[in-house]
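Please read these numbers as outputs of a predicted model, since none were measured by experiment.
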Amino acid sequence: VQQWASEFSVQLRDLTVKYSGSLLLQKKLKDVESIIKIVELNGDDLVRDYSNEIERMLGSKMKSVKRLAESAEDADLYHEFNASLEFDYYNSMLINTVDEDGNSLELGAEFPLEENEHFNNIPVNTQQSNIQVPTNVYNKDPIILNAIYNTEALNDVFISNFLKDPTLTWQYFGSSTGFFRIYPGIKWTPDPNGVVVFDCRNRNWCIKAIFCISDLKIIINRPHFKKMQFKTTIAKHTINTILDTLGENDFVNIIAYTDYVRYVEPCFKGTLVQADLDTREHFKLLVDELHVKGEAKIKNALKEAFKILNQVRVNGQGSMCNQAIMLITDGAMEDFESVFEEFNWPDRRVRVFTYLIGREMTFAQNTKWIACNNKGYYTHISTLADVQENVMEYLHVLSRPMVINHDHDIIWTEAYMDTVLFTTKAQSLLLMTSVAMPVFSKKKETLSHGILLGVVGSDIPLMEVIKLAPRYTLGPHGYAFLITNNGYILAHPDLRPLYKDGKKLKAKPNYNSVDLTEVEWEDTEDTLRTAMVKGQTGSLSLSVRASVDKAKRPLFLINEYFYTNIDDTPFSFGMVLTKGHGKLFFIGNVSVEEGLHDLTSPDLSIASEWTYCETDIDPSHRKYSQLQAAVRYLQGKEPDLECDEVLLQQLLFDAVVTAPLEAYWNTLMLSDRVEPGVETAFLGTRSGLMRVVRYAGVEARVAKNFLTPSDKDNLFTIHFPLWYRFGSLKYYPGSTSTTLSSRKAREVRGARNVQGQLMRCAGVRSAGVTLELYLCRPHLWLAPRKDSRRGGALRCSCRSPTRASKVTLSRAAILLLARDSQQASGQPQEAVVGQVQPSQLPQSVEGFPGQALASDPDAAAGLAHSQLEHPFVAVAALMRWFFSNTLTLLMDLNLCGLWHQLFVDGHKQKKMEAMIPCDTTYPGFMLEASVREANSVIKCGRCQKMFVVQQIPDSNLVLVVTQADCDCSRQFGPIPLTPKEIKY
């Protein structure tokens with residue numbers, strides 16, 4: 001078997017060397033080594049430089065928002081309210097709408113719209129903003145008309161900001177009266193019922209901008225469900241609406257009371273918890289289940305609430321800002337004045353807001369007295385329609401000190417989803433953040449009243465922020481990421497905010513509250529998270545088990561983390577360099593003229609998602625692709641383009657060095673010596689350059705497109721596809737990494753690491769070929785015959801009377817070739833797959849990537865469609881299909897451990913209804929690199945099996961040869977590899 005594996009290694013090497021041209025490239029690199037400079041990257045310097053770039057970018061957005069706030073306040077200062085004002089404005093829902101006679105509707109005049117690539121090809125008007133008004137707000141109300149007229153001055157500032165900073169996206173003003181002015185103007189689409197439910201006053205950016213973070217204790221009396229169902233419904237809706245106004249910086253708890261006090265969540269008894277999305281949704285479920293019997297006694301509930309709030313304040317916990325009690329009741333009959341005297345008077349540090357539920361007014365005076373004597377606010381909610389407006393009143397009260405003091409604090413939101421990008425961008429980069437600032441009235445007569453006019457803001461795509469840390473510098477396994485001061489992820493390559501429900505992509509319920517520890521789970525001591533949350537600057541080295549290809553292929557890496565805070569924001573920036581090739585960087589010099597000649601080759605492309613030149617600043621440049629922009633800049637035709645000089649220099653060097661391959665590949669094709677089944681030759685470099693030549697016509701190719709959907713799945717790693725990433729891990733020139741790139745398992749790619757002696761780990765080029773899997777079969781079966789002719793000891797072949805099944809396994813997963821000459825259909829025996837199981841090879845190592853979803857907390861184990869069983873038992877379920885196609889399966893991992901069992905989460909989701917987050921384990925397997933061969937005998941009842949495992953030299957494959965005439969399926973059953981929920 002050792003000879004067999006060696007012979008197959010030679011054939012595999014000859015095949016890939018011949019058709020990839022790797023030896024020619026190796027020689028070319030050797031010739032230019034003398035003009036190459038190798039630089040070791042300094043992570044501390046890089047993280048400082050990149051964070052400064054991010055600070056400058058975000059700082060420009062803050063300046064734009066400040067200009068909007070100043071303009072809005074000045075416009076209000078000189079405006080006199082006119083109760084009879086008549087003013088036609090552009091209503092975003094009514095624009096370009098006509099009646100039956102073809103006349104424009106009122107407030108629906110013609111409003112030019114044009115698709116704009118900068119705004120995701122949405123039809124917009126970059127010369128004018130327009131107005132959105134919620135359905136529950138009268139769009140001709142005098143107060144609304146005056147406020148809209150007043151903010152017309154913002155149009156010029158919107159346009160001016162966009163001209164000064166063309167990277168700006170949406171700018172807006174949310175009025176305290178309810179309307180929303182947005183630039184550029186758009187056509188607003190209502191829901192199917194014609195209702196506009198969007199109310200800017202309920203948006204997170206608006207709420208955070210107008211009041212300080214809070215500690216809230218919500219108290220609800222627990223009416224009998226059957227007798228007071230209507231009141232109960234209103235009370236629950238009121239609590240849910242209050243919860244919706246909270247953010248991750250707020251703290252909350254809920255007490256339900258009758259004749260005794262009960263926390264709706266016993267686990268949170270005696271404390272406040274962070275009001276992140278998970279917590280709020282959890283509380284909503286618990287509130288929905290509330291139903292009790294008994295007489296409501298408010299006194300004990302108030303005492304409990306005051307004690308907890310006082311304890312939190314004394315211990316320096318919670319928000320350290322506003323504290324409030326929200327009392328939701330259908331009546332207050334007790335003598336509760338003594339409670340306030342003991343806990344809240346005379347300082348009144350805790351505000352008490354009261355919500356009287358139902359149509360009865362018997363206890364209105366008592367509930368109003370509670371609020372007014374504790375610096376709160378009283379509201380009467382008699383219908384569900386009253387809830388939204390009445391709940392919002394507490395925000396105005398809490399914001400009043402801030403308004404009176406004119407505290408123009410700039411706030412940043414957590415990540416949120418831009419649904420427009422669902423099908424156009426990579427998952428990790430769908431997210432946005434907003435910067436916002438309050439707008440106050442500066443009129444002298446109302447200055448002491450604290451009049452809030454509204455909030456101005458702008459959206460920032462996190463994709464644009466993270467692009468400031470160039471991919472080519474960080475390398476194929478390096479990456480950058482951003483988190484908030486709460487430890488939640490803003491951007492990270494392993495963040496997966498969407499899941500597939502049938503054919504639709506949907507946002508996960510907790511997509512914007514994924515903690516850093518859920519993706520950097522090797523940081524078991526929370527060292528990295530703690531330092532970044534505190535805004536510290538530093539570095540950390542961790543041995544990690546990274547995963548690629550939707551977590552089906554793990555990699556063992558040593559990552560060096562560098563991190564720092566972003567000034568004037570609640571964000572921290574981090575970046576990763578991989579030890580070895582990730583920290584070395586080469587600089588090669590060639591003339592622009594020489595490089596331009598080779599850069600325009602027809603077989604050459606570059607990473608279009610990278611920023612070689614900034615084409616989004618000047619609208620006239622947006623028509624250019626990145627390659628076109630780079631060429632025109634180098635030719636001197638577009639000198640105003642802002643381009644990355646270092647990246648362009650690398651690109652020119654790579655174009656010159658790899659140019660001979662084009663002639664080599666064309667010569668092979670013209671000579672008609674291309675072996676059938678050889679489809680494609682390719683090459684990739686760290687500068688994003690890629691050359692591809694097709695040996696086979698489109699009709700004959702298994703893989704119609706070279707870059708697969710999985711290659712393009714994540715913009716953090718785009719143009720560093722699987723074959724390049726695995727190739728870069730081979731630190732010695734000439735090693736071959738074999739990967740499966742077709743879902744139908746009919747195509748295999750062999751990539752060879754090509755680098756000069758000086759450029760080891762720094763200037764990795766991966767050159768390789770794409771083969772149909774059937775081409776590997778004759779080479780494998782021919783290998784033992786060649787060894788026998790050479791006088792080797794190996795005597796088995798595909799015609800052996802032992803009916804030997806032969807299995808080739810990838811170090812990174814499983815590559816299977818099976819042969820049974822006595823079965824006409826070519827179906828192998830099921831025993832083949834179970835024979836290695838009891839040996840010393842399998843060993844378990846647990847891990848638990850997060851971000852999984854389940855439809856039921858008790859049924860998380862049913863998440864996956866596929867049932868991949870024991871690494872060898874799994875083969876049984878697949879052999880029948882594989883043999884009839886090409887006899888080969890690859891599920892690539894990396895040869896780094898003796899069949900270590902890893903847990904990865906690359907499972908598909910079933911169609912589910914109530915999706916909730918959960919943690920799952922998912923096993924994978926790795927083969928120890930130091931184990932070159934292994935063999936054993938397995939006893940299976942009345943027979944025994946022998947198997948031999950042998951690494952195939954200079955590749956990531958192993959060969960398994962075993963007997964096929966002994967059935968072990970009864971002794972060694974399947975080991976399910978479906979994800980399982982972790983019970984805490």
Next item on the list: Using side chain to side chain contact (heavy atoms under 4.5 Å, CB included) as the criterion, point out the one residue from E645, Q649, Q650 that pairs with L647.
Entry: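 Result: among E645, Q649, Q650, Q650 is the only option passing the side chain to side chain contact (heavy atoms under 4.5 Å, CB included) with L647.
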Next item on the list: Could you give me the CA-CA distance, side-chain angles and deciding distance for V656 and L599, then say whether side chain to side chain contact (heavy atoms under 4.5 Å, CB included) is met?
Entry: CA-CA 8 Å; V656 171; L599 196 59; over 6 Å; no
Checking the side chain of [X] only, and the main-chain atoms of [Y] only, is there a donor and an acceptor separated by less than 3.5 Å?
{"X": "R686", "Y": "Y472", "value": "yes"}
{"X": "Q628", "Y": "S625", "value": "yes"}
{"X": "Q626", "Y": "Y612", "value": "yes"}
{"X": "R471", "Y": "G475", "value": "yes"}
{"X": "S20", "Y": "S22", "value": "yes"}
{"X": "R622", "Y": "D616", "value": "yes"}
{"X": "H597", "Y": "V592", "value": "no"}
{"X": "R496", "Y": "D494", "value": "yes"}
{"X": "Y19", "Y": "E675", "value": "yes"}
{"X": "T658", "Y": "D654", "value": "yes"}

Checklist line | side chain to side chain contact (heavy atoms under 4.5 Å, CB included) evaluation trace for M575 with Y50 | finding: CA-CA 9 Å; M575 50 165 268; Y50 293 158; 4.0 Å; yes
Interatomic spacing from [atom1] in [X] to [atom2] in [Y] - rounded to 0.5 Å:
{"X": "L24", "Y": "Y664", "atom1": "CG", "atom2": "OH", "value": "7.5 Å"}
{"X": "K579", "Y": "I558", "atom1": "NZ", "atom2": "CD1", "value": "4.5 Å"}
{"X": "E560", "Y": "L41", "atom1": "CD", "atom2": "CG", "value": "10.5 Å"}

Check: Does some side-chain heavy atom of S6 sit less than 4.5 Å from a side-chain heavy atom of Q3?
Finding: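 Side chain of Q3 against side chain of S6, heavy atoms only: no contact under 4.5 Å found.
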Notebook entry, point to check: Hey, does I36 have a side-chain heavy atom less than 4.5 Å from the side chain of I587?
Noted result: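 SC-SC contact between I587 and I36 ruled out.
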Next item on the list: Check the pair L596, Q635 against side chain to side chain contact (heavy atoms under 4.5 Å, CB included), reporting the backbone distance first and the verdict last.
Entry: CA-CA 8 Å; L596 270 174; Q635 291 173 338; 3.8 Å; yes
Please find the pair of heavy atoms, one from [X] and one from [Y], that lie closest to each other, and give the distance.
{"X": "A655", "Y": "D598", "result": "O-CB, 3.5 Å"}
{"X": "T473", "Y": "L577", "result": "O-CD2, 4.4 Å"}
{"X": "A5", "Y": "Q950", "result": "CB-CG, 3.5 Å"}
{"X": "E662", "Y": "S601", "result": "OE1-OG, 3.3 Å"}
{"X": "F653", "Y": "N589", "result": "CD1-N, 4.1 Å"}
{"X": "P953", "Y": "S9", "result": "O-OG, 2.6 Å"}

Checklist line | Inter- and intrachain pairs under disulfide (SG to SG under 2.5 Å), touching residues 650-684, at least two apart | finding: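 For residues 650-684, and leaving out neighbouring residues, there are no disulfide (SG to SG under 2.5 Å) pairs at all.
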Checklist line | Any pair counted as disulfide (SG to SG under 2.5 Å), so long as it reaches residues 635-692, sequence neighbours left out | finding: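 Checked against disulfide (SG to SG under 2.5 Å) - neighbours excluded - the pairs reaching residues 635-692 are C613-C643.
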Check: Is the shortest side-chain N to carboxylate O distance from K27 to D31 below 4.0 Å?
Finding: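 The answer is yes: the pair qualifies as a salt bridge.
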Checklist line | Chi angles and distances behind the side chain to side chain contact (heavy atoms under 4.5 Å, CB included) call for L634, V631 | finding: CA-CA 5 Å; L634 292 168; V631 170; 5.8 Å; no
